[in-house]
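Worksheet: one structure, shown below.
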Amino acid sequence: MPKLDESLLTGLPPFSLLDRAQIREILDQAVSRRYDEGTAIFREGHDADRFHLLLDGYLRVIRSTPGGDQIIVLHISPGQLFGIAPALQRDTYPATAIAAAESIALSWPVRVWDDFIARYPGFATESYKTLGQRLGQIQETLTEMATQAVEKRVACALLRMVHQSGRKSDKGIEIAFPVTRQNISDMTGTTLHTVSRLLSAWQKDGIVESTRKRIVVTNPHALVVLSEA
DNA sequence: TCATTAAGTATGC
DNA sequence: GCATACTTAATGA
């Protein structure tokens, strides 16, 4: 394993208060791995032996319902901790993490978690902050699912992905990772057919432009209006 | 308003 | 050329 460069972690929220030597310590305990698109980093219910940080790429976090179908709970973007079961006092992962695009992640054994919390200033507060934000976001989309019409839910899901991973292209803002209509239906509790119809209609209205697995939002404002309508 | 069924086209390895 | 992604229409809860 090549030595990891310190610049990988400097500036990231959980480590922003640390000096060079401390970041070096942390990196020396880390393992770096690459994941192909579609690969699982860990699976729901499995032994949570490591916690992770995404360096590059995007992840889908999936939970399966008692009914057996899978819903996409949230996405992880670069710089974020994930699989932090120890912060939840759990010894199994509460969800499955799949690489939505080719991704690179660092990981540490869970036994160093308490050590990190104790020794590195800011690590605890930042970790629990992202945890809280995530729970809030999940709860928000959950009530949205229960109360809002399908069109609004899909508009909101697109906007969330744009906010999290949008990058400018010549036509508008492109979602930075591959998304299928099935994926969007898994985020919004509808069918891929309905998502397909909505995207087709929005394309006709000049709001989005999509090819297979790629979506560009050409009129974000119109989408915001739809999400609030 | 939306899911389901069904039957098609398009796309990329 | 096959599997996967996507589209569209029809039907009915």
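Since this is a predicted model, take the numbers as computed values, not measurements. Naming convention: chains lettered A, B, ... in sequence-line order (proteins, then strands); numbering from 1 in each chain.
Look at R20(A) and E6(A) and you find a salt bridge, because one of the NZ, NE, NH1 or NH2 atoms lies within 4.0 Å of a carboxylate O, short of that distance.
Between the side chains of Q80(A) and T130(A), no donor-acceptor pair is found at a separation under 3.5 Å.
dT9(B) atom C1' lies 15 Å from atom CG of L192(A), rounded to whole Å. When the C1' atom of dT8(C) is taken as reference, atom CG of L198(A) falls 14 Å away, rounded to whole Å. For the pair Q182(A) CD and dA3(C) P, the interatomic distance rounds to 18 Å; values are reported in whole Å. One atom, CD1 of I184(A), and another, P of dT7(C), lie 10 Å apart when rounded to the nearest Å. The separation between K152(A) atom NZ and dC2(B) atom C1' is 16 Å, rounded to whole Å. Atom P of nucleotide dC6(C) and atom CG of L199(A) are separated by 9 Å, given to the nearest angstrom. dA5(C) atom C1' lies 14 Å from atom CG of D186(A), rounded to whole Å. One can place NZ of K213(A) at 14 Å from P of dT7(C), the figure rounded to the nearest angstrom.
Among the heavy atoms of the strands lying under 4.0 Å from T191(A) is at least one base atom, whether or not backbone atoms are also near. Nucleic acid contact for T190(A): sugar-phosphate only, since backbone atoms but no base atoms lie under 4.0 Å from a heavy atom of the residue. Among the protein residues, S196(A) comes within range of the nucleic acid bases, having at least one heavy atom under 4.0 Å from a base atom.
Within 6.0 Å of CZ in R134(A) there are more than 12 heavy atoms belonging to other residues, nucleotides or ligands. Within a 6.0 Å radius of CD in E140(A), no more than 12 heavy atoms belonging to other residues, nucleotides or ligands are found. In R167(A), the CZ atom is crowded: over 12 heavy atoms of neighbouring residues, nucleotides or ligands sit closer than 6.0 Å.
A donor-acceptor contact under 3.5 angstrom links the side-chain atoms of R197(A) to the base of dT4(B). Counting distance only, with no hydrogens placed and no angle test, the side-chain atoms of H193(A) and the base atoms of dT4(B) include no donor-acceptor pair under 3.5 Å.
Side-chain proximity of S200(A) to the nucleotides dA3(B), dG12(B), dT8(C) is greatest for dT8(C). Among dT7(C), dC2(B), dT4(C), the nucleotide with an atom closest to any side-chain atom of A149(A) is dC2(B).
For the pair R181(A) and dC6(C), the criterion of a side-chain N or O lying under 4.0 Å from OP1 or OP2 is met.
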